[in-house]
Amino acid sequence: MPEESPLPLTVIEEFEGVGPLVGILIGSESDREAMEPACVELDERGISWELKVLSAHRDPRGVAEYASTAALRGTRVLIAGAGMAAALPGVVASYSDLPVIGVPLTSSKSVMGGLDALLSIVQMPPGVPVACVSVNGSRNAAILAAKILAQGGGYPGTPGRPTAEL
Ligand code: RP5
């Protein structure tokens with residue numbers, strides 16, 4: 001009998017578990033300070049995280065690559081903070097099945113103190129959900145991520161979980 005050819009899953013296994021539980025993306029270096037409370041909160045809870053500066057409009061390919069491979073690296077929740085038109089959380093959600101928490105941020109160029117980013121993030125069209133915390137609410141994003149991580153292995157019918165008896 002011929003030896004079985006390696007499955008593409010080998011690639012997945014290679015990545016599995018090497019990434020942090022939470023991936024934080026920001027659209028600009030200028031967003032870093034506003035996301036600091038999220039990093040502190042995750043540290044205090046002992047949750048591993050990484051932060052990357054990846055802009056939806058300046059580096060769309062980078063965002064696509066990061067978001068579409070995050071789950072393979074073992075990341076379970078994505079947090080995306082951005083200001084102004086704030087496309088980043090929505091783009092991330094379009095490339096990943098992981099839950100995405102958007103953080104609308106204020107910047108020196110914001111309209112109405114960040115209302116522009118808030119509406120951009122919260123008004124995602126049906127089918128591509130993004131959770132949205134308050135303007136500059138990065139600490140809440142981290143707490144919500146922790147709550148998501150604390151949940152069990154899915155809902156009835158998902159692989160590895162028995163179907164609920166009705
Ligand atoms: C967004 O535009 C960023 O998320 C940032 O909040 C805002 C301004 O970016 P910079 O011009 O400071 O790089 O893309």
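Order of appearance sets the numbers: ligands from 1, and atoms from 1 within every ligand.
With respect to atom 11 (O) of ligand 1, the closest heavy atom belonging to the protein is Lys109 NZ, 2.5 Å. Among protein heavy atoms, the minimum distance from atom 13 (O) of ligand 1 is reached at Ser28 OG, 2.6 Å.
Every atom of ligand 1 is numbered from 1 in the order shown, and the set under 4.0 Å from a heavy atom of His57 is 14 (O). Numbered from 1 in the order shown, with element, the atoms of ligand 1 that lie under 4.0 Å from a heavy atom of Ser30 read 9 (O), 10 (P), 12 (O).
By the criterion of side-chain heavy atoms lying less than 4.5 angstrom apart, applied directly or through intervening Ile, Leu, Val, Met, Phe, Trp or Tyr residues, Val53 is not grouped with Leu25; the two fall into different hydrophobic clusters. In the hydrophobic cluster analysis, where Ile, Leu, Val, Met, Phe, Trp and Tyr join through side-chain heavy atoms closer than 4.5 angstrom, Ile26 is grouped apart from Val63.
With a 4.0 Å heavy-atom cut-off, ligand 1 is reached by no atom of Glu29. Residue contacts with ligand 1, taken as heavy atom pairs separated by less than 4.0 Å, involve Asp31 solely via side-chain atoms from C-beta onward.
Ligand 1 has a nitrogen or oxygen under 3.5 angstrom from a nitrogen or oxygen of Arg58.
Considering Gly83, Ala82, Ala56 only, the shortest heavy-atom separation from atom 1 (C) of ligand 1 involves Gly83.
The CG atom of Asn140 lies 9.5 Å from the CD1 atom of Ile101; values are rounded to the nearest 0.5 Å. How far OG of Ser107 is from CG of Asp116: 7.5 Å, rounded to the nearest 0.5 Å.
Of all heavy-atom pairs spanning Leu149 and Arg76, the tightest one is CD2-CB, 3.4 Å.
A cation-pi contact, defined as under 6.0 Å to the ring centre and within 45° of the axis, is absent between Arg61 and Tyr66.
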